[in-house]
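Quick note on labels: first sequence line is chain A, next is B, and so on, each numbered from 1.
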Amino acid sequence: MNNDYPNQSDSPEVRSLTDSERIAEGKRISIENAATNARASLYSLHPRLWQEMQAKHKAEEDARINALDALHQAAEAVDNNATYEAEMNLLDQELEQQDKAELEDKSRNLVDEAMPMPSSQVQVEVPGVPIEPTLIDEARSMVDDAVMGDVDRYLENIGGPN
Amino acid sequence: MFKKLMKGLHSQNDVQRRADLYRKLLHHEAEIGGELFGPVPKGARREFFCLDQHTWVWHEEWIDENGQHRFATTRYDMRPNGVVKSQNGQYREVSLQEARNLLNAINMYEKRVINELYSYA
């Protein structure tokens with residue numbers, strides 16, 4: 001704590017800084033006023049200078065407006081592009097989801113096809129082991145045997161190939 | 001630059017300090033002003049500055065082909081109805097082209113000096 005300057009703004013550093021700011025501000029204003037006076041005097045001396053300056057300012061203003069327009073259009077183009085990109089992304093996502101759904105369907109079918117049938121529907125053939133004949137097969141065999149027995153007996157009576 | 005000029009002036013009394021500061025500031029303004037017209041030939045000196053709110057000064061020194069030291073001080077007094085130009089004590093007319101050049105120089109001076117010296121932050 002600097003006891004020599006109880007009020008901080010009384011210290012030489014702060015006072016000189018304030019002076020500096022004041023002087024700089026004074027000089028700035030003084031130069032601006034001098035430039036304004038000079039312009040007025042020169043325009044008064046040569047009115048054509050005034051016209052030239054007006055034309056120059058107008059050209060600068062037009063250029064500024066054109067630049068702003070261009071900037072605005074560029075910003076719109078960026079926005080449009082962003083919208084387009086967003087739409088394309090959405091479309092991509094939708095297509096991706098469709099593809100995914102189709103793929104899921106296909107894989108589900110494949111899984112269904114590959115899935116084994118229920119065990120009750122499966123007939124397992126083991127080589128060399130005849131399938132146990134059903135009652136119908138047995139009956140059909142008995143009929144065949146009976147028919148074949150009749151044929152054999154007929155052939156024996158007429159002196160057939162045996 | 002402005003802060004730099006302020007250094008070392010704290011110990012002097014206020015009047016002296018202020019006078020020194022204004023002299024230094026004017027010197028730097030004149031240097032900046034001298035650069036507005038392009039490069040200065042070797043051995044020559046050029047200054048352009050705002051003396052007060054109605055007076056602009058262009059000072060040039062050079063060595064001529066005979067090795068003689070020459071100088072020209074041109075003073076422009078800005079009046080409400082026109083410009084009074086005096087060069088080495090003689091009054092002269094300001095042509096349209098000279099007025100155009102002077103106007104450009106003043107515009108550039110205003111911009112550069114304020115930016116380089118008095119943009120105090």
Side-chain angles (χ1 to χ4, degrees), chain A residues 1-68 70-71, chain B residues 1-12 14 17-18 21-22 24-26 28-29 32-33 49-56 76-85 93-115 117-121:
Chain A
M1 183 82 183
N2 188 346
N3 292 327
D4 292 340
Y5 303 100
N7 182 350
Q8 199 66 18
S9 64
D10 290 342
S11 69
E13 292 82 6
V14 174
R15 197 172 58 217
S16 65
L17 187 70
T18 308
D19 280 351
S20 304
E21 285 174 335
R22 195 165 52 242
I23 290 167
E25 183 67 3
K27 287 291 290 183
R28 188 183 62 77
I29 291 169
S30 171
I31 288 170
E32 283 175 353
N33 287 341
T36 303
N37 290 337
R39 278 189 283 267
S41 299
L42 288 166
Y43 294 151
S44 176
L45 179 68
H46 290 292
R48 192 173 155 185
L49 265 185
W50 167 253
Q51 293 165 1
E52 286 178 7
M53 278 298 128
Q54 288 296 99
K56 189 183 169 193
H57 285 154
K58 190 180 179 308
E60 284 173 356
E61 184 62 13
D62 287 349
R64 195 181 66 83
I65 289 169
N66 287 340
L68 278 175
L71 200 65
Chain B
M1 174 59 76
F2 187 80
K3 284 181 184 173
K4 200 174 166 185
L5 291 173
M6 289 298 292
K7 282 187 178 174
L9 297 174
H10 298 310
S11 57
Q12 301 168 22
D14 273 358
R17 181 174 149 270
R18 207 167 268 266
L21 179 62
Y22 276 102
K24 285 186 175 182
L25 288 174
L26 195 60
H28 280 277
E29 286 179 28
I32 291 172
F49 57 95
C50 171
L51 184 64
D52 59 43
Q53 294 208 12
H54 298 279
T55 313
W56 293 79
Y76 297 95
D77 289 320
M78 302 298 175
R79 311 264 174 97
N81 55 349
V83 180
V84 176
K85 170 187 172 183
E93 190 183 341
V94 179
S95 68
L96 175 62
Q97 188 54 49
E98 185 178 356
R100 196 178 281 132
N101 293 342
L102 182 58
L103 180 66
N104 286 336
I106 287 170
N107 288 337
M108 287 164 71
Y109 179 94
E110 181 185 19
K111 199 174 284 181
R112 271 197 63 184
V113 167
I114 288 175
N115 280 345
L117 282 180
Y118 305 125
S119 291
Y120 197 84

Hey, what do you get for [atom1] ([X]) to [atom2] ([Y]), rounding to the nearest 0.5 Å?
| X | Y | atom1 | atom2 | result |
| --- | --- | --- | --- | --- |
| B/W56 | A/L42 | CH2 | CG | 10.0 Å |
| B/K111 | A/E32 | NZ | CD | 12.5 Å |
| A/T36 | B/Q53 | OG1 | CD | 9.0 Å |
| A/L45 | B/R79 | CG | CZ | 12.5 Å |
| B/Y118 | A/S30 | OH | OG | 8.5 Å |
| A/M53 | B/N104 | CE | CG | 5.5 Å |

Identify the two heavy atoms, one from [X] and one from [Y], that lie closest to each other, and give their separation to 0.1 Å.
| X | Y | value |
| --- | --- | --- |
| A/S41 | B/P80 | OG-N, 4.5 Å |
| B/A99 | A/H46 | CB-CD2, 3.5 Å |
| A/N37 | B/M78 | O-CB, 4.4 Å |
| B/D52 | A/A34 | O-CB, 3.9 Å |

Greatest number of heavy atom pairs closer than 4.5 Å to chain A - which of B/E29, B/R100, B/H54: B/R100
Crowding at CD, B/Q97 (>12 non-hydrogen neighbours, <6.0 Å): yes
Select one option (side chain, backbone, both, neither) describing which atoms of [X] are under 4.5 Å from chain A's heavy atoms.
| X | result |
| --- | --- |
| B/S95 | backbone |
| B/D77 | neither |
| B/Y22 | side chain |

Beyond-backbone contact of B/L117 with A/K27, side-chain heavy atoms, under 4.5 angstrom: no
Note, A/I23 side chain near B/R18 side chain (heavy atom, < 4.5 Å): yes
Structural part of A/R48 lying under 4.5 Å from a heavy atom of chain B: side chain
